[in-house]
Visitor: 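Below are the structure tokens for one structure; questions will follow.
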Amino acid sequence: MGHLFALGWLILLIAAINIEAKKKPSISNTKCLGNVMRVDVGPLGGKLLEVGVVINNSAILLTPSLASQCGFSMKIDHLGNAMIYTSLQNCFAQNVKDEAFTTAFQLRFHGSQLAEDEIYQMAETCHYTAWACREIICDHNYMEVSVKRAAPDNYVLPKNPIPEARKRPIDAGFRMTTITFFTPAEKVMKVIDAQRSGHGIANTPKRLVLRSPKTSPETYTQNVAGVPMLVVKTSTVFEKKWLVTRIDAAAACPIQEGSVFFTADTITWYLPRRIDPLISFGQPKLLEVYMGIDGQRLDAAEIEARRYSLTVTDTYIISVIPIGAVGGYYKSHVQDGQYHISYTVEPMIEMFWTEDATHEGTRYKVFFPITTPLLPRPPQVTDRTIAAERVFKLELGYFCPDVALVNITFPSEVLSVTECRARGINVLEHMSPNSSYKVFTLEVPFTDPVVQQTSQEGATVYSLHLVFGLVVLDDFAPFSHAAYVQATLENIVFSIAVPPSVSGGCDYQNFYVLVKYGTQGLNFQTAVGKQILTQSLAQQYGFAENGTHFSFVVPFFDPAIVDTTCHYAVELSSIKSRLDVTLRNLETNTIIKEFSVACNFISSLTECFPNGTMTALAVKLESVPGLNPSQLTLRDPTCGPTYSDERYAYFVFTGNSCGTTRKFLPNMMMYENEISLPDELGAKRASNSEEPEYELKVSCYYDINTTYAVAFQPRQRRNEPYAENAKGQLQVAMRLALDDSYSVFHRVEDYPITKYLQQPLYFEVELLTPASPEVSVELENCWATLDQDRTSRPRWNLIINGCANPVDQYQVIFHPVWTDARVQYPSHFKRFEVKMFAFAQDQEDLSRQLFVHCDVMICDARNPLGGVCNGQCMNPDNGNKGQRRAVSDEDKFNHVSLGPIRIS
């Protein structure tokens, strides 16, 4: 074998475009798997993915033909995760001494779900130095062989050389001229013609690389130990003047037909131990055998845990994989209107052998996707009806997760799932703990019009005809399943035992539940979510009872019911939550009745204010039970929630803080941030839990480049202006201090501001004019409302006739005022402290606003009048502190208001 020099440029006809792309997406992960790199991207969530490579800041789209020529392949699993495989020696890799290999990717996401395409660029590097003399890769769409080039002295001069002839390194001037394909007949081609035919041929610093698409006409099929294999054999000629050297390279890859056998429970794959087209001479010695999934090796413990089997005999390497085992996945299909499934898994076998004569090693790696034939799985209906309960209870299963129930056809009508639930027909979807299969349950009361009744001697027969309408989501293939059930209930003269029942519904802010006792009375225990309905909890829920039934109302946003409801989906402007109610027998603790109601609750998860303030509410979902909302942060991990509890985290930030990014769009500007766990917590949680990652994007849009027109119309003055005598009010202002020192105050542009419940609020009322020590300011009444209108309802009194509200649990605290650099006349100021509170009927909505209002009296100490100008509460226990008199009429006040103050 000769020592070669670098081949040169691979000639490709490509379209390169300049691009502007983002950095590596957060949903990608790269694994170096020996001589192959795998890039995982996903889940795609319904988006389409185009993969390209980046050369000199230009992107080249990887078409199927270019991918097979240059060593790329991709697959997408049932969950929407893409796996991109590439040979380290691909056409576009930056190769450093055959030890470090860097490939720059461009990922383009597009589809109807995106307003505009998302483009990301990422450069990934893998290090690999353990090269064997020959390395063979059998990928999804190509075969690759990489051989080590000979040392400079590993060739022989002619017997009678020219006197000046001497041995030189073959790199010095050698060029690749022709390549011969054995099909098995010889087929000679120029190297450039072979490249144009779709073959990849390249020289690296130490190796020759040959790559052929599996569909190439230069490949042929050969039977090896009873296993059909696809073979490509070549001999490449390098020339320089009188010297000619030749390098032989071959690859052989198994074909599924003839090498894979299926039973009802297992997949068995036979791979020849001795692959004759790859053996030059001598007896091969097998040194290493590995088994893997998706290109990643498995150790012996992992193989045993997955119930795989790997056996090496004198003739074969045998892999056995149970159908349905971990590492593969099921897919639904519809054939002739019937439901079928298939199971797909991609095992990998990696071998290393040497030949006795040469002692040169060969590393052989094959990726072998296997999909079972379609397996019929007729849906099964299980009748769990107990006639005495007067409800048909049916289970329909088992299905793969990609199947959805669309509607149910009864003899008289067709109802969608939503219409069924609205009518009292309970339809639920259940997933297995490992999400491998799905079951639907149906409950139809005997009293529903779709149930037919016939009378027999001493009994009533209830029957139900129905057809379930289902669809496979990926390709929207419909199928159906018909069922017929009946139940017989004996007619009893005396009263029939009727079990308790539960029904319910929702409005925009509450769950409503109605429980009927049945004939046995209130002899059961009620659980709401994970909590027992105790007397105190019932009082909190507005429990009402009349002897035959009771009802209660569960607020959606009640912070006291963390274990009662669960949120399992977040949409654009609503949260989907579910309330579970369970009735249990008091003696046996067995379940009498289970009921669930799920609703969408409108909630402003994100609010954008004109001053640039942004607020966001991150909700804990049922799918991430281990999430601690208090650990969530914005992009800047130092920006945690302003308020959090076991179900929510509430964030307040501005457009120029916490890692918020800005993007200009047509006629608007978008500020964007995202809520997630910090990298270190997210990585630790991902390693210890199978729960999905939590990520919530927050966006605010502001209009730009918009012109608003204003106009006025002059009108001729009807008469000359004149002055008249009038009365005016003195100017009074109210402001909110940051603490009890009353030295720093919130500015007008700070509003709305956010305060915690029970956080002290420090108010100050100041008489701005006149500057006279004889005049003082007194507070007649102060109160709070939800609306800016001071006369709106509801209203909570803070100060009444100059005194703290006696029925308030947390009463107003008056602070004295002393002369300092800012205060010249203390009588011109009044200061008081109130703890932040929420209206009782407002607890379901944390985003509501609070306004504080005061009636202010201006008093003159020289003309005492009484009332609030006494400067004290009208309490008989307190002595008089001097009389003051109102400068204005005694029933006239100055009015001040402050807000909004947001409640966290």
Side-chain angles (χ1 to χ4, degrees), residues 509-511 527-534 536-537 539-541 553-571 573-580 599-607 614-634 637-653 658 673-678 681-682 685 689 691-696 698 752-761 809-810 835-850 901-904:
Q509 60 184 4
N510 296 309
F511 291 99
V528 183
K530 299 178 183 179
Q531 300 188 80
I532 302 299
L533 187 62
T534 60
S536 59
L537 192 61
Q539 183 178 4
Q540 180 181 340
Y541 293 162
V553 180
V554 180
F556 165 60
F557 260 119
D558 189 341
I561 58 170
V562 175
D563 295 326
T564 301
T565 61
C566 66
H567 310 312
Y568 60 95
V570 173
E571 299 178 357
S573 60
S574 64
I575 300 173
K576 196 167 189 177
S577 295
R578 188 184 72 246
L579 177 69
D580 299 324
C599 298
N600 284 324
F601 290 93
I602 298 174
S603 177
S604 298
L605 301 179
T606 303
E607 288 194 81
M614 302 166 62
T615 65
L617 186 67
V619 182
K620 179 178 178 181
L621 301 179
E622 185 181 26
S623 59
V624 283
L627 177 69
N628 182 355
S630 65
Q631 295 177 336
L632 293 171
T633 69
L634 294 164
T638 62
C639 294
T642 305
Y643 168 80
S644 64
D645 59 19
E646 297 181 25
R647 296 198 301 172
Y648 311 98
Y650 183 69
F651 294 83
V652 180
F653 56 101
C658 299
N673 210 313
E674 60 186 40
I675 299 171
S676 61
L677 287 173
L681 287 178
R685 187 167 176 270
S689 171
E691 295 180 10
E693 294 183 6
Y694 186 97
E695 183 176 300
L696 177 64
V698 181
I753 60 175
T754 304
K755 298 293 182 179
Y756 308 124
L757 289 172
Q758 302 301 319
Q759 181 177 356
L761 304 177
Q809 181 181 1
Y810 302 100
K835 292 198 180 292
M836 189 63 184
F837 66 94
F839 283 89
Q841 61 267 44
D842 192 46
Q843 293 180 359
E844 80 282 1
D845 191 344
L846 295 177
S847 67
R848 295 295 296 269
Q849 299 175 339
L850 197 67
I901 305 171
R902 296 186 60 85
I903 304 171
S904 292

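It should be emphasised that the depicted structure is a prediction, and the values quoted were computed from it without experimental measurement.
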Visitor: Are Y541 and L533 packed together at the side-chain level, in the sense that at least one heavy-atom pair is separated by less than 4.5 angstrom?
Guide: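 Yes, at least one pair of side-chain atoms sits under 4.5 Å.
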
Visitor: To the nearest 0.5 Å, tell me how far L761 CG sits from F837 CZ.
Guide: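 Rounded to the nearest 0.5 Å, the CG-CZ separation comes to 8.5 Å.
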
Visitor: Sequence neighbours excluded, which residues qualify as side chain to side chain contact (heavy atoms under 4.5 Å, CB included) partners of C658?
Guide: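 C658 satisfies side chain to side chain contact (heavy atoms under 4.5 Å, CB included) with L634, D636, C639, F653, N673 once adjacent residues are dropped.
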
Visitor: How long is the span from the CD atom in E674 to the CG atom in L632, to the nearest 0.5 Å?
Guide: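 Interatomic distance, E674 CD to L632 CG, rounded to 0.5 Å: 12.0 Å.
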
Visitor: Apply side chain to side chain contact (heavy atoms under 4.5 Å, CB included) to S676 and list each qualifying residue two or more places apart in sequence or on a separate chain.
Guide: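 With neighbours one apart ignored, the set is empty.
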
Visitor: Is the shortest heavy-atom distance from the side chain of T633 to the side chain of L677 under 4.5 Å?
Guide: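 Side-chain contact under 4.5 Å: no.
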
Visitor: Rounded to the nearest 0.5 Å, how far apart are CZ of R902 and CG of L850?
Guide: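 Output value for this atom pair is 11.5 Å.
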
Visitor: Does a side-chain heavy-atom distance below 4.5 Å link Y643 with L757?
Guide: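 No, every pair of side-chain atoms sits at 4.5 Å or beyond.
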
Visitor: Taking C-beta and beyond as the side chain, do L627 and L621 meet within less than 4.5 Å on heavy atoms?
Guide: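 No. Closest side-chain heavy atoms not under 4.5 Å.
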
Visitor: Kindly indicate whether the side chain of I901, heavy atoms from C-beta on, has any atom under 4.5 Å from the side chain of M836.
Guide: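 The answer is yes; the side chains approach within 4.5 Å.
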
Visitor: Tell me if a side-chain donor or acceptor on K620 pairs with a main-chain N or O of P629 at a distance below 3.5 Å.
Guide: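 Side chain of K620 to backbone of P629, a donor-acceptor pair under 3.5 Å: no, none is there.
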
Visitor: Testing the basics here: between L696 and L617, what is the closest heavy-atom pair and its distance to 0.1 Å?
Guide: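 Closest pair (atom of L696, atom of L617, distance): CD2-O, 3.8 Å.
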
Visitor: Run the side chain to side chain contact (heavy atoms under 4.5 Å, CB included) test against V652 and tell me which residues pass, sequence neighbours left out.
Guide: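 V652: side chain to side chain contact (heavy atoms under 4.5 Å, CB included) contacts with T613, T615, T642, Y650, T754.
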
Visitor: Checking Y694 side chain against V619 main chain: does a donor-acceptor pair fall under 3.5 Å?
Guide: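 Yes, because the side chain of Y694 sits within donor-acceptor range (under 3.5 Å) of the backbone of V619.
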
Visitor: Once rounded to the nearest 0.5 Å, what's the spacing between atom CG of L579 and atom CG of N510?
Guide: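 That separation rounds to 11.0 Å.
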
Visitor: What's the shortest heavy-atom distance between V698 and A616, and which atoms?
Guide: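 Closest pair (atom of V698, atom of A616, distance): CG2-CB, 3.8 Å.
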
Visitor: Please identify each residue that fulfils side chain to side chain donor-acceptor pair (under 3.5 Å) with K835, with sequence neighbours left out.
Guide: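 For K835, no residue satisfies side chain to side chain donor-acceptor pair (under 3.5 Å) once neighbours in sequence are set aside.
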
Visitor: May I ask you to check whether over 12 heavy atoms, not counting those of Q758, lie within 6.0 Å of atom CD?
Guide: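 Result for CD/Q758: enclosed.
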
